[in-house]
Trainee: 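Input: one structure, supplied below.
Remember, it's 1-based here, ligands and their atoms both numbered in the order they're listed.
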Amino acid sequence: MKIEMDLIPMEKWGYNLKAPVIISGPCSAESREQVMETVVNIAKNPKVSIIRAGIWKPRTRPGTFEGIGEEGLSWLTDAGKAVGKPVATEIANATHLEQALKAGVNILWIGARTTVNPFGMQEIADALKGVDIPVFVKNPINPDLELWIGGLERLNKAGIKKLGAIHRGFSTMIKSEYRNKPMWELALELRRKLPNLPMICDPSHICGTRDYIQEVAQKAMDLDYDGLMIESHRDPSVALSDAKQQVVPAELDRILNSLVIRDRSTNDPFVLNKLEELRDMIDSIDKDLLNIIAKRMEVAKEIGQYKKDNNITILQSSRWQDLVKDRIKEGEKKGLSEEFLSVYLQSIHGESIRIQNQIMNK
Ligand code: PEP
Ligand code: MN
């Protein structure tokens, strides 16, 4: 289902923004000099169009650096003025909003730890009524698309039409090389539901380390994101937050200049023709896949009936474990990833059990 939202495109937000929109600046404002020096160096690359800095930092444990607070707002706005670019910060409640607006912050974002909280989002939405300011909403910490959409809806209903989403990855139990698993499919599903909502990728918080920011940023560009938010600090080794993932301005410059920005579409009839051909193939393979899955479920039904007739339990876990091992081995030989295969097998198994359960209890 598509969702209706009244949105103003980024190009009309009044800051001359053109995709890809690059948002950069330190994770946190730490001192007037740190913000100014970082921003002046970042802004040497004209691709940077919005300056960021965190003023209030939601930390997991108390006693760590929780942001410089209101005092830092003028460091940020002064740095923005010095380089002639709009500035953005994270707000987490109505007080932050009031202080940010008073200081002249141009753009706001809602952090992942606030998007999870409907009361917090509603408080901010209510405080934003009658205010004309662009707001980005980061994905919630947990992989819950509805919660992300709900947050966006609350702001839109309060009259915020200059609205965008920031994809910063999700916290999951599954071990991965990322600090926050990207789960691209969730962001792409949001895009499918809200095709006019600008989507920014935040490779810094996805990666949690400098090492593959470039790679994730490129992937976002290849997936047609509208921009990137990348943290940069004049000296990450002494940063008071997210030290491992911030890059020095020179590294940001290198990342931005090596990004390949591909055309959104093409008019070349040869390219279009080839693409059409490949898409036809996918359509036809999908049809075959569905037929085969349906066939598998038919057999599962038969097994269910057989188990019922002979009074055997549905789940025979050793058989399933052997099957999973075998299928993963076979699948990997064909170049499929273990991660994909596990999810696929779990899903097939779940449906199989559901069907057999129905038969057993008929
Ligand atoms: C940040 O942008 O510095 C931040 C705290 O991000 P997130 O809300 O994505 O964790
Ligand atoms: Mn950060």
Trainee: Are Asn156 and Asp6 linked by a side-chain donor-acceptor pair shorter than 3.5 Å?
Mentor: no
Trainee: Just checking, any donor-acceptor pair under 3.5 angstrom between side chains of Lys307 and Gln356?
Mentor: yes
Trainee: Would you say Glu277 and Asn273 are linked by a side-chain donor-acceptor pair, where the criterion is simply a distance under 3.5 Å?
Mentor: no
Trainee: For Phe170 and Trp184, I'd like to know if the aromatic rings sit close, meaning centre-to-centre distance below 6.0 Å.
Mentor: no
Trainee: For the backbone of Cys27 and the side chain of Ser241, can you confirm whether one donor and one acceptor N or O come within less than 3.5 Å of each other?
Mentor: no
Trainee: Using a strict cut-off of under 4.0 Å between a residue heavy atom and any atom of ligand 1, list the qualifying protein residues by chain and number.
Mentor: Cys27, Arg52, Lys57, Glu90, Trp109, Gly111, Ala112, Arg113, Lys138, Arg168, His205, Glu231
Trainee: Could you tell me whether the side chains of Asn180 and Arg168 share a donor-acceptor contact shorter than 3.5 Å?
Mentor: yes
Trainee: Can you find a side-chain donor-acceptor pair between Asp242 and His233 that sits under 3.5 Å?
Mentor: no
Trainee: Just say parallel, tilted or perpendicular for the rings of Tyr344 and Phe340, cut-offs at 30° and 60°.
Mentor: parallel
Trainee: How many protein atoms of type N/O/S are positioned less than 2.8 Å from the Mn ion (ligand 2)?
Mentor: 4
Trainee: So, His96 and Glu90: side-chain donor and acceptor under 3.5 Å apart, yes or no?
Mentor: no
